[in-house]
Amino acid sequence: MYKVGFITLGCKVNIYESNALEQELVNNGFSIIEPSKYCDVFVINTCSVTNTADQKSRQMVSKARRLNPNALVCVIGCYVQTAKENAMKLDADIIMGNGNKLELVDLIKEKLKDRGDKVFEIMDIMKHKEYENLEVTTYDHARAFVKIEDGCNQFCSYCIIPFARGPIRSKKADDVILELKRITEMGFNEVVLAGIHTGKYNDNGVKLSQLIDRILTEVPALKRLRLSSIEMNEIDDRIISQMRESKVMANHLHIPLQTGNDKILKLMNRPYDTKMFMDKIREIRSVRPDIAITTDVIVGFPYETDEDFLATKQFIKDVNFAGLHVFPYSKRNGTKAADMPQINGIIKKLRAKELIELSNELEDKYYESFVGKEVEVIFEQRDSEGLLEGHSTNYILVHVATDLDLVKENHLVKLTKYENKIMYGELVDEE
């Protein structure tokens with residue numbers, strides 16, 4: 001039995017697709033192990049969201065070859081799709097982009113019989129219209145992810161992902177419902193809907209809010225539904241109503257901001273300004289006052305002055321996010337921003353450091369506001385100290401001392417202490 005090791009970089013969609021490919025390989029007689037010198041096959045599922053991601057993707061190919069020089073090395077995904085010429089020079093046997101990953105299993109089987117020349121499978125993703133229905137049937141964690149959408153049509157001026165993933169394609173709504181029913185039958189209480197541009201989900205007119213309506217109605221066993229990320233302008237009135245009416249909707253939204261300055265938002269080709277963003281935040285909080293709202297912020301974008309950065313910092317404080325993902329701007333060749341005047345790297349790092357410190361302050365403030373309150377927690381695993389840990393509906397990671405095996409279960413927990421970035425709690429319903 002051939003042993004296969006996966007190395008997956010990047011987003012939740014990549015993780016989902018790797019899991020689906022692992023299962024397809026198992027179905028074809030392979031075994032999946034941790035990447036090591038004992039692997040007969042390596043699959044590196046690459047990322048290209050930043051230059052650092054590109055570099056790491058290349059490094060993982062070299063690492064696989066060092067671990068076992070005789071192994072079959074397969075490189076797939078976004079880096080291959082966006083850097084075709086460089087990808088084709090990699091020391092790999094199979095080099096494949098996006099859109100046709102299910103073909104990988106047959107290619108591996110063929111190459112194990114006859115190593116021969118390199119295999120290149122890089123389609124014109126910009127012309128790809130079909131949703132590739134990779135589907136996960138087993139899960140390693142207590143929270144299940146379901147990919148419902150692929151591709152992006154936004155073309156933000158800094159972003160290479162539309163060129164890596166192609167136009168928007170959506171999973172059939174009926175297939176989403178069937179997958180969620182199967183997941184809940186397996187005992188999972190929480191599902192995260194994921195995609196490259198999740199808020200643009202559209203299956204023949206069934207939009208995201210309508211899909212959520214179906215999930216809430218047709219999958220009654222589901223305890224918690226979480227959105228991985230959604231743009232501000234895609235949170236429509238129906239989603240607001242769903243948050244008002246259903247406790248199944250997680251009390252957490254990740255809404256990318258990118259910058260809190262209207263001049264830079266326009267240069268980024270973002271579809272909103274700061275007033276629209278703040279108005280939407282107020283609307284959400286009118287139905288969920290204690291919701292955790294987290295965000296992405298890019299610093300050091302071309303033309304960003306010190307004053308622009310300070311405006312962004314103040315806007316972040318005004319919104320009062322529960323936490324930030326901070327990224328120094330990364331120049332991506334082929335995007336509009338790559339042709340704009342670039343900002344010094346040291347300035348970008350200093351601005352990123354300043355916002356990371358602010359993020360820590362905002363997160364501490366949000367967590368501390370919940371000490372003494374009761375929240376529902378779905379437990380996921382035991383931490384290094386043996387405490388049971390899981391996330392609340394508003395994505396607070398909670399640690400509880402108990403000998404009970406409650407993984408995947410939903411329990412009421414009283415939050416007792418927040419110390420050194422760790423939230424502790426005790427079971428309310430232990431008896």
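Only this structure's heavy atoms are used, side chains among them; waters, hydrogens and symmetry mates stay out.
Side chains of D290 and N251: a donor on one and an acceptor on the other come within 3.5 Å. Judged by distance alone, the side chains of N27 and Q23 never bring a donor and an acceptor atom under 3.5 Å apart. If you check the side chains of D308 and Y303, you find no donor sitting under 3.5 Å from an acceptor. Using a 3.5 Å distance cut-off with no hydrogens or angles, the side chains of R58 and T46 do not pair a donor with an acceptor. A donor-acceptor pair shorter than 3.5 Å can be found between the side chains of Q242 and D213. Side chains of H254 and D296: a donor-acceptor N/O pair is present below 3.5 angstrom, by distance only. Residues S170 and E149 have side chains that never bring a donor and an acceptor to within less than 3.5 angstrom of each other.
Of the possible polar contacts, none joining the T294 side chain to the G323 backbone as a donor-acceptor pair under 3.5 Å is found. R224 places a side-chain N or O within 3.5 Å of a backbone atom of E376 that can act as its donor or acceptor partner. Using a distance-only test at 3.5 Å, with no hydrogens or angles considered, a donor-acceptor pair links the side chain of K84 to the main chain of Q81. Listed for the S392 side chain is a donor-acceptor partner under 3.5 Å among the backbone atoms of I396. Panel note: side chain Y201, backbone A173; a donor-acceptor pair is recorded below 3.5 Å. Without hydrogens or angle criteria, T295 side chain to L257 main chain gives a donor-acceptor distance under 3.5 Å. A donor-acceptor pair under 3.5 Å links the side-chain atoms of S359 to the main chain of L324, judged by distance alone. Put simply, the side chain of N261 never gets that close to the backbone of A311: no donor and acceptor are under 3.5 Å apart. In this structure, E85 contributes its side chain and A83 its backbone to no donor-acceptor pair below 3.5 Å. The backbone N or O of K331 sits less than 3.5 Å from a side-chain atom of N51, completing a donor-acceptor pair.
The aromatic rings of F277 and Y272 are tilted relative to each other, their planes meeting at an angle between 30° and 60°. Between F327 and H325, the angle of the ring planes goes over 60°, which puts this pair in the perpendicular group of the 30/60° scheme. Classification of the F155-F163 ring pair by plane angle, with boundaries at 30° and 60°, yields perpendicular.
Side chains of V176 and L180 form a contact here, defined as non-hydrogen atoms less than 4.5 Å apart. Counting heavy atoms from C-beta outward, I160 and T50 have side chains that stay 4.5 Å or more apart. Looking at heavy atoms from C-beta onward, V297 lies in side-chain contact with T312 at the 4.5 angstrom threshold. Side-chain contact between C156 and M268: absent, with no pair of heavy atoms (C-beta onward) separated by less than 4.5 Å. The closest side-chain heavy-atom distance from H411 to F379 is below 4.5 Å. Using a 4.5 Å heavy-atom cutoff, the side chains of E135 and Y16 are in contact. For the pair L427 and L406, the minimum side-chain heavy-atom distance is below 4.5 Å. Contact annotation: the side chain of V75 never approaches that of M96 to less than 4.5 Å [non-hydrogen atoms, C-beta and beyond].
Between K101 and E132 there is no salt bridge, since no side-chain nitrogen of the basic residue lies less than 4.0 Å from a carboxylate oxygen of the acidic one. Checked for salt-bridge contact, E130 and R169 miss the test: no charged N lies under 4.0 Å from a carboxylate O.
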Item to complete: Would you please test R285 and I291 for side chain to side chain contact (heavy atoms under 4.5 Å, CB included) and show each step?
Response: CA-CA 7 Å; R285 286 184 173 145; I291 190 172; 4.1 Å; yes
Worksheet item: Step by step, would you call H391 with R226 a side-chain hydrogen bond (donor to acceptor under 3.5 Å, both in side chains)?
Response: CA-CA 12 Å; H391 284 88; R226 196 182 297 278; over 6 Å; no
Discussion item. Run the side-chain hydrogen bond (donor to acceptor under 3.5 Å, both in side chains) test on D383 and H399 for me, step by step, so that the C-alpha distance in whole Å, both residues' side-chain angles and the decisive distance to 0.1 Å come before the verdict.
Written reply: CA-CA 8 Å; D383 66 13; H399 301 251; 2.8 Å; yes
Worksheet item: Can you check side chain to side chain contact (heavy atoms under 4.5 Å, CB included) on I33 and C39, steps first, answer last?
Response: CA-CA 7 Å; I33 66 171; C39 289; 3.7 Å; yes
Discussion item. Please determine whether side-chain hydrogen bond (donor to acceptor under 3.5 Å, both in side chains) holds for the pair N100 and H128, giving the CA-CA distance in whole Å, both sets of side-chain angles, and the decisive distance to 0.1 Å.
Written reply: CA-CA 10 Å; N100 58 339; H128 196 55; over 6 Å; no
Worksheet item: Stepwise, does the side-chain hydrogen bond (donor to acceptor under 3.5 Å, both in side chains) test hold for S157 with R270?
Response: CA-CA 8 Å; S157 63; R270 299 293 287 168; over 6 Å; no
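Of the inter-residue distances, the one linking D262 atom CG with L267 atom CG reads 11.0 Å to the nearest 0.5 angstrom. Interatomic distance, M249 CE to M243 CE, rounded to the nearest 0.5 Å: 6.0 Å. Atom CG in L227 sits 6.0 Å away from atom CG in L208 (nearest 0.5 Å). A distance of 9.5 Å separates OG1 of T198 from NZ of K12, quoted to the nearest 0.5 Å. Once rounded to the nearest 0.5 Å, the distance linking SG of C152 with CD of E231 reads 8.0 Å.
Between Y329 and F301, the distance separating the two ring centers is shorter than 6.0 angstrom.
Residue I183 is tested with V191, N189, L222 for a side-chain contact (heavy atoms from CB on, under 4.5 Å); the sole match is V191. Across T8, N14, L21, a single residue satisfies side-chain contact (heavy atoms from CB on, under 4.5 Å) together with I76, and that is L21.
For the pair K417 and Y424, the distance from NZ or CZ to the six-membered ring centre is under 6.0 Å and the angle to the ring normal is within 45 degrees.
Each salt bridge (Lys or Arg N to Asp or Glu O under 4.0 Å) pair with one or both residues in residues 42-52, not counting sequence neighbours, would appear here, but there are none.
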